[in-house]
Structure formats: C-alpha cells, structure tokens
2 protein chains.
Amino acid sequence: MSEVRSAFNVSCKNCGLQKICFPTGLQKDEIERLDNIVDRRAPLKKGQHLFEANDNFNALYAIRAGVVKLYSFTNTGEEIVHGFYLPGDVLGIDALGSRRHQYNAIALDTTSVCSLPFEKFSNLTDELPQLNKQMMNVISKEVLDGRMHSELLVRRNADQRVAQFIWNMSERYRSRGYASSEFRLSILHRDVAVYLGLTPETVSRILAKFHADGVATWKKKEVVIHDMDKLLNTAGIQTSCDSCNKATA
Amino acid sequence: MSEVRSAFNVSCKNCGLQKICFPTGLQKDEIERLDNIVDRRAPLKKGQHLFEANDNFNALYAIRAGVVKLYSFTNTGEEIVHGFYLPGDVLGIDALGSRRHQYNAIALDTTSVCSLPFEKFSNLTDELPQLNKQMMNVISKEVLDGRMHSELLVRRNADQRVAQFIWNMSERYRSRGYASSEFRLSILHRDVAVYLGLTPETVSRILAKFHADGVATWKKKEVVIHDMDKLLNTAGIQTSCDSCNKATA
DNA sequence: CGCGACTTTGAAGGCACTCAAACACTGTGG
DNA sequence: CCACAGTGTTTGAGTGCCTTCAAAGTCGCG
C-alpha cells in the first residue's frame, strides 16, 4: 500500500508515463513548468466520480493509475459507455468547447489523477509550442478514438467486437510497457457489453467460446491471451493491408 | 449559374456562414486577417476528392456550399462513412495529430470550399485568442459528433436511426437559417445506410413506412418532414428531459 | 453466513440481413 | 429522340444472429 501511495506523488519528470501523456517531446525545463501547475489530489476510490455531466469545466485530468469509465445516458435512461481511460490517458476533452462536461467520469478502481487547471494550462500552451502541439495530439487522439468506436459498432459481429476490444486493451498496455498477453482489467463484463453495444449475456457466451477455443481467457479481472493470431483473426484484423484505407471509387 | 459562381468568391466578412464557421466572435479587423489567408479554389465537381487517406495535411477546409462525405474502409474492404459535412462545417480535423489525413473526403455534389493553409492559420491562432477559442469549439464539435455517431449505433433500432438522421439534418439546416422541414439532401440512401450501420434495403423499407405513416418523405433528394413530433417520437428523442445525462449511481 | 451485484446458461422469438429479381433514374451515344 | 447501360432503389422470401426473458450459479464484502 505504501508503494502505491508513493506512486501517486511522482512529479512529471520522474513519471513513467511521459511518453504517453503531455510531457512528450518537452525539454527538461519545460517539463518543470508543466510540473508546477499540476495539482495532485488524493486518489479516487472505486465508484467515485472525477466529474459529472453538466459540471463546470475546470481542468483536464491525466490518469496516473487506475481506470476511468466515461459514460452518459440516452433519453430513455439507457447507459452509454464512451470509453475506458488508462494511465497516461487524458480526460475532460469533452468539455473544451462548451466549458461544461458532457459526460460522467467514474473510477472503476482506485484511481489517481493529475489535475491540470485549464486556465494555467492554456497560458502555458501559449508559451510552449511543443506543449501546444502535444495538446493537439491528445485531442486528435480523442477524435480518432471516437471514430474507432463507431467503426467497431458498424457492421462487425459480436465475436469481432469482443476480440477487437481485448486486442485493443492489450495494445494499450503494450504501448505503456506492460505485458500485453496477460494483464489485469478492472472492467466489468457488463460495462464492456454496453461499450460494445451488446448484452452481458452475449459477451459472456463469447468469452466462454474464446476460452474453449484457446483464443483468450478473461476471468475475475485477469485477461490472458493464449493465441494472438487467432485473436487478431477473430477480430477481423489482418496486419498486412496497407492500402485498405485508400479511396478507390 | 453566374449566381452560384459569385457565391463561391464571397469573402469571410460577407459570408452568410460566419455564425457557423471560424469567424464566430471575431472583430472586423480580425476577420480581415483571417480572410487574407483563405485560399478559395475552383469548386469541386461531384465525385472529386478534397483529400484522401494518407495525404499530407496541408490545410483545414471550411465548406462554403455543397456536401462532403468523410469515409474510409475496413480491413475487409467494407466502406465506413464517418459523417457528412455541410456549408459552414470544417474538414481536416482528422489529420491534426499525425499531419496526415486518416480518411477520404469526397464531394457528393458540386462543392465549394475555403482552404486554410495550416501553417498560416496556426500562426494566426497564436495571435488571436478568440480564433484559438473558436478552433477549440470546432475540434470539440468534431469529438462530440463522433460520440453522437457512436450513440446512434448503440442500442437504437433501424427506425430510430433513420428518424434521428433526418431530424439531425433538419436541425443542421435550421441552425444555418434554412427551412428545416423541407430541404434538399444530395446524399444517396446507400451512403446513409452505411453511415447508420444498416443496409440500403432496410433504409428503403423504413422510408416507405415513414412516408405511409405521414412522418416524413424522402424522394429524389428532396426531404419533407410532415410531422416533426412523430419524427422525434420515432427517433426516441423526448424534448423534455434535462437531467437524463446526470449520473445516478 | 447471507445479501446484493454480477455472471452464466438455456430456450424462444424478433429484427435486420442476405439473396434475388424487378423497377426507376441518369447520362451517353447512335 | 430513343435505346441502352450503369447505378441506385424497391420489394419479397427466408434465414441467422443477437436479444429477451427466466432462473440458477458465483463472487465479493459486511
């Protein structure tokens, strides 16, 4: 526990997430300036909200540890899950335009965040071109993430959706330097189902099949990928297709 | 024809789309500076690409007249339609991070755009805070648009999707000052189907039903909404639900 | 231990897809 | 001006995937 506690208070320059988060490409003294405006609060407990829809927009949040679910509701009261945010990811982009949060952000596990008061951060981006560029990258990532989500929901069957979700999580852990074929995932199957536009029952059946087929196992928050090729195949992702996105007509 | 031609060369300060596009909130002299960097090209003919996936990112594009479809392909060669862009909308956000376009943008009709060379534009945003803010709004809109698209694809049946699409288009025309219950829509049913994650056959059947039920008619690029309440009802949109997005658990 | 929340498993049904064929519209060339 | 090809739309019949509903099973925590 003390080990975890200490991890909560690391400064940007000593943070292992530099490559993912805002400091990317910044000089040492620039990181220091960023560091100075970062507000490190006490970690959120599981079930606590980082912000809620309609809250005033005060800050961007960089996740240091844990998982956050971004969600809202339809007019009929059904939950919509927009995404899951891992260490190094940035939350709050949804409020940039209106200065009010559009969605709810809830911790799915004990979660620690770095808060970046937007006024100060905005002033800093004016002075540091590299930080401004990185801000663009972060926003751009948010846009592409949304598109990827849509892509997942269009004309992909349930098997492909679940397989792609597992693969995507694996990739995100890999890019952060963690094991990619075996990792802990504090996300309920129920939440994944909603995210993928499926029912919990369907997800359960598919995970059972994946387990039986030796593709991957997801039990009790522990994910193990047994056969990456099979997983990619099930997801409908061929690795050798460079010109797929090229316009043809 | 000469009437159309002249519309292609209007400067920002005389453009009817100020409220939608970048000039929002800018002072007269600021609009002039923006005007100076705008590159107004010859209109695109139907079927011409504004840019294609993997193209270098040179400029943002503001649509002055016409319609543009943003699309790509899955690894299996199926088309994915990300959205349709109307006059006043801004295209090219997808390339902000990587400096390469991620998707293809094709004109669905004769289309005129204002090109904003990104280097110059970027320098200008550094000098004009209001423009920078408006840039944030534009990007933010792109993010929310993506989320709305995902929302449409999750747990909404075919009827609701089509109804919501028609309503959405109607709203977009209304916000631009055009008639909202009767408008021209140069989008193929086929493209709408792909955008909504449906087949053309399904869309056709639903439009036939909407016509029979006196909800709306869409024939030969002409959309007429007969009963807005019925349409909203079919789309599953109740207008009186302020607290729907509020977190409850 | 016992409760609540989540997950698993089974059976039945419906919505949207697939396949197929006819129909309508558009532009082109004879 | 008409014939005709190409593309998009409509309509019908049959099927399959995923949902829905229901109930039992498991996990986590006070």
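Naming: A, B, ... by sequence-line order, numbering from 1 per chain. All values below come from the heavy atoms of this structure, side chains included, with hydrogens, waters and symmetry mates left out.
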Engineer: Would you say K220(B) places a side-chain N or O within less than 4.0 Å of OP1 or OP2 belonging to dG8(D)?
Structural biologist: no
Engineer: On DNA chain D, check which nucleotide each of I206(A) and K221(A) is closest to and give me the residue with the more 5' one.
Structural biologist: I206(A)
Engineer: Quickly work out the R205(B) CZ to dG14(C) P distance and round it to whole Å.
Structural biologist: 18 Å
Engineer: Between dC6(C), dT11(D), dG8(D), spot the one nearest the side chain of L188(A), thanks.
Structural biologist: dC6(C)
Engineer: Kindly say whether, by distance alone, the side chain of E201(A) makes a donor-acceptor pair under 3.5 Å with the base of dC6(C)?
Structural biologist: no
Engineer: Heavy atoms from C-beta onward define the side chain here; which of dT7(C), dT10(D), dC18(D) lies closest to that of N157(A)?
Structural biologist: dC18(D)
Engineer: Between dC18(D) and T202(A), is there an OP1 or OP2 to side-chain N/O distance shorter than 4.0 Å?
Structural biologist: no
Engineer: Out of dT20(D), dT9(D), dT18(C), which has the shortest distance to the side chain of T199(B)?
Structural biologist: dT18(C)
Engineer: Using a strict cut-off of less than 4.0 Å between a Lys/Arg side-chain nitrogen and an Asp/Glu carboxylate oxygen, indicate whether K230(B) and D213(B) qualify as a salt bridge.
Structural biologist: no
Engineer: With a 4.0 Å cut-off, would you call R184(B) and D109(B) a salt bridge?
Structural biologist: yes
Engineer: So does H226(A) have more than 12 non-hydrogen atoms from other groups sitting under 6.0 Å from NE2?
Structural biologist: yes
Engineer: Tell me the interatomic distance from R161(A), atom CZ, to dC18(D), atom C1', rounded to whole angstroms.
Structural biologist: 10 Å
